[in-house]
Asker: 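Pasting a structure here, questions to come.
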Amino acid sequence: MSTLITRRRVTGALTTLCAAAALLTALPFEASAQAKYRLRYGTAFPADHPAVLRISEAAEAIKAETGGQVDIQLFPNSQMGSEPEMFSQVRSGALDFMSTSGVNQTIVPVASINAVAFAFADYSQVWAAMDGDLGAYVRAAFDKAGLHAFEKMLDNGYRNITTSAKPVNAPDDLKGLKIRVPGNPLWVSVFKGLGAAPTPIQFGELYAALQTRVVDGQENPLALIQSAKLYEVQKYVARTGHIWDGHYIFMGNKKWATLPADVQASISKHFAIAAVKEREDVAILNEKAVDAMQATGVVFTDPDKKPFRDALKAAGFYDEYKAKYGEAVWTILEKYSGPL
């Protein structure tokens, strides 16, 4: 099948799913009268994000396959609270499902290992690792912490650097650059190691911070750069792909254990199908985001990643995080990434 046909099919599927997105914000799901298991799924993703649309699709498939016994209601846009709040609710059993990045919680520190800078050269390495031994190691750690993490992760995207004054083509271009980062130690360590001046700022304040030059640049996945209109106040996008991040889908072990084996199997199967479809959707959205931003005059560059990784190695970044995560899981990471 040609790439063009694949894109058209995925784009068509997205269009169909987006037409249903309004239902997730305008109306709650109507619980089936015969549903035995009414379960709630919370997420910070907006209602039109592929992760929400595909999980909604999965919920309908699960409902049909179980003869209406399972009714999963979705609550996007942080309706059930912030990601840390929803994570706590799932741990306590107050919420049934939620999705979040491994870096957004502190219960299982090793869950952020996928965000080690420049670890994965491309998506083939990402999915080999996260659908393989590295993902299994992290899921086992969550299990010990009382959480069932579903097998397939959702894609949140590779992160890329934007700037207003000059393009970033090499580590030297980051020297002294005031760059907004999330308030996370790993991100701060990455950009300190590259010689920049990382500045934690809430995402809701980012556009104004860029517009008023409080910071000179920022980093985020392409689709978010486009949807948040950050390109209006940033001229250059360097496709550094310095960090890949995804969302785990969680349920508390105690709640998971109350579900019959056939219900567990249906949920696991359809959540996995949804995750794979969401990954394809995000790839298409990223391509469309590039086209849309280039049309406004944004300049894209594709820096060689090796000098950035070498700079981090010289700064001791990889040694620091190898010590934090431990030799055992670091060896699994390098099975996919190669030596770091």
Side-chain angles (χ1 to χ4, degrees), residues 28-29 31-32 34-45 51-52 54-76 78-114 130-156 246-279 329:
F29 278 85
S32 172
Q34 71 270 28
K36 185 176 180 180
Y37 303 100
R38 295 189 178 98
L39 307 171
R40 297 180 303 162
Y41 184 118
T43 178
F45 283 129
V52 176
R54 291 302 185 180
I55 292 296
S56 175
E57 189 178 64
E60 290 301 311
I62 293 163
K63 189 174 185 178
E65 188 170 78
T66 60
Q69 287 191 78
V70 180
D71 179 38
I72 299 175
Q73 302 176 56
L74 269 71
F75 296 88
S78 299
Q79 293 178 50
M80 304 302 289
S82 67
E83 287 183 310
E85 288 169 343
M86 286 188 284
F87 188 77
S88 295
Q89 290 173 46
V90 167
R91 291 187 70 214
S92 70
L95 181 64
D96 301 302
F97 305 103
M98 70 88 60
S99 77
T100 192
S101 164
V103 302
N104 288 340
Q105 53 75 48
T106 58
I107 304 302
V108 179
V110 74
S112 63
I113 195 166
N114 59 269
M130 303 319 298
D131 292 342
D133 292 343
L134 187 61
Y137 186 101
V138 174
R139 291 194 302 275
F142 275 118
D143 185 66
K144 291 177 182 177
L147 289 161
H148 178 78
F150 287 86
E151 182 181 1
K152 301 289 187 184
M153 291 182 75
L154 299 163
D155 187 16
N156 196 30
H247 272 215
Y248 289 95
I249 303 173
F250 298 104
M251 183 181 233
N253 277 348
K254 290 182 180 179
K255 188 59 176 281
W256 182 245
T258 67
L259 301 177
D262 60 335
V263 170
Q264 290 182 347
S266 182
I267 293 172
S268 296
K269 178 178 75 175
H270 289 291
F271 277 8
I273 291 170
V276 172
K277 289 181 177 179
E278 185 265 358
R279 298 170 184 182
V329 72

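The first residue in the sequence is number 1, and the count goes up from there.
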Asker: Looking at residues at least two apart in the chain, or sitting in another chain, which of them share a side chain to side chain donor-acceptor pair (under 3.5 Å) with Asn104?
Answerer: Glu83, Thr100
Asker: Measuring from atom CG of Leu95 to atom CG of Leu39, what distance do you get when rounded to the nearest 0.5 angstrom?
Answerer: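 Between atom CG of Leu95 and atom CG of Leu39 there are 10.0 Å.
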Asker: Apply side-chain contact (heavy atoms from CB on, under 4.5 Å) to residues Tyr248 and Gln105 and explain how you reach the verdict.
Answerer: CA-CA 11 Å; Tyr248 289 95; Gln105 53 75 48; over 6 Å; no
Asker: Starting at CE of Met153, measure out to OG of Ser99 and round the result to the nearest 0.5 Å.
Answerer: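 If I round to the nearest 0.5 Å, the distance is 9.5 Å.
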Asker: What pair of heavy atoms forms the shortest contact from Met251 to Asp96, and how long is it?
Answerer: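 Met251 and Asp96 have their closest heavy atoms at CG-O, 3.2 Å.
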Asker: For Pro84, is there any backbone N or O sitting under 3.5 Å from a side-chain donor or acceptor partner on Ser88?
Answerer: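 Yes, the answer is positive, given that a donor and an acceptor are paired below the 3.5 Å cut-off.
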Asker: Hey, does the side chain of Ser268 reach the backbone of Ala265 with a donor-acceptor pair shorter than 3.5 angstrom?
Answerer: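 Checked: no pair found.
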Asker: Check whether any side-chain heavy atom of Ile113 lies under 4.5 Å from a side-chain heavy atom of Tyr137, and answer yes or no.
Answerer: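 Side-chain contact under 4.5 Å: no.
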Asker: CD/Gln73 to CE/Met80 distance, rounded to the nearest 0.5 angstrom?
Answerer: 9.0 Å
Asker: Can you list every pair that meets salt bridge (charged side-chain N to carboxylate O under 4.0 Å, His left out) and has a residue in residues 138-152, with sequence neighbours left out?
Answerer: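 Only Asp131-Lys152 qualify under salt bridge (charged side-chain N to carboxylate O under 4.0 Å, His left out).
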Asker: With sequence neighbours left out, write down each residue that passes ring pair (Phe, Tyr, Trp, His ring centres under 6.0 Å) with Tyr37, or none if nothing qualifies.
Answerer: none
Asker: Ring-plane angle category for Phe87 and Phe250, please: parallel below 30°, perpendicular beyond 60°, tilted otherwise.
Answerer: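 Ring orientation, 0 to 90° scale: perpendicular.
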Asker: Would you mind listing every salt bridge (charged side-chain N to carboxylate O under 4.0 Å, His left out) that reaches into residues 97-107, with sequence neighbours excluded?
Answerer: none
Asker: Rounded at 0.5 Å granularity, tell me how far CG in Leu134 sits from CE in Met130.
Answerer: 4.5 Å
Asker: Could you check whether Arg54 pairs with Glu57 (Lys NZ or Arg NE/NH1/NH2 to Asp/Glu carboxylate O, under 4.0 Å)?
Answerer: yes
Asker: Please check this pair: side chain of Ser112 against backbone of Pro109, looking for a donor-acceptor N/O pair closer than 3.5 Å.
Answerer: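 Looks like yes, one N/O pair under 3.5 Å.
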Asker: Measure across Val108 and Ala141 and return the closest heavy-atom pair with its distance rounded to 0.1 Å.
Answerer: CG1-CB, 3.5 Å
Asker: How would you list, by chain and number, every residue that makes a ring pair (Phe, Tyr, Trp, His ring centres under 6.0 Å) with His148, sequence neighbours excluded?
Answerer: Phe150, Trp256
Asker: Test side-chain contact (heavy atoms from CB on, under 4.5 Å) on Ile249 and Ile55 and set out the steps.
Answerer: CA-CA 10 Å; Ile249 303 173; Ile55 292 296; 3.9 Å; yes
Asker: Does Ile273 have any side-chain contact (heavy atoms from CB on, under 4.5 Å) partners at least two apart in sequence or in another chain, and if so, which?
Answerer: Lys269, His270, Lys277
Asker: Could you give the distance from CZ (Arg279) to CG (Leu154), rounded to the nearest 0.5 Å?
Answerer: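 Nearest 0.5 Å value for the CZ-CG distance: 8.0 Å.
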Asker: With a 4.5 Å cut-off on side-chain heavy atoms, are Phe45 and Asn156 touching?
Answerer: yes
Asker: Compare every heavy atom of Ala145 with every heavy atom of Ile107, then report the nearest pair and how far apart it is.
Answerer: CG2-CB, 3.8 Å
Asker: Between CZ of Phe271 and CD1 of Ile62, what distance do you get to the nearest 0.5 Å?
Answerer: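 Between Phe271 CZ and Ile62 CD1, I get 5.0 Å after rounding to 0.5 Å.
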Asker: Less than 4.5 Å apart, any side-chain heavy atom of Ile72 and any of Lys63?
Answerer: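 No; the side chains remain at least 4.5 Å from each other.
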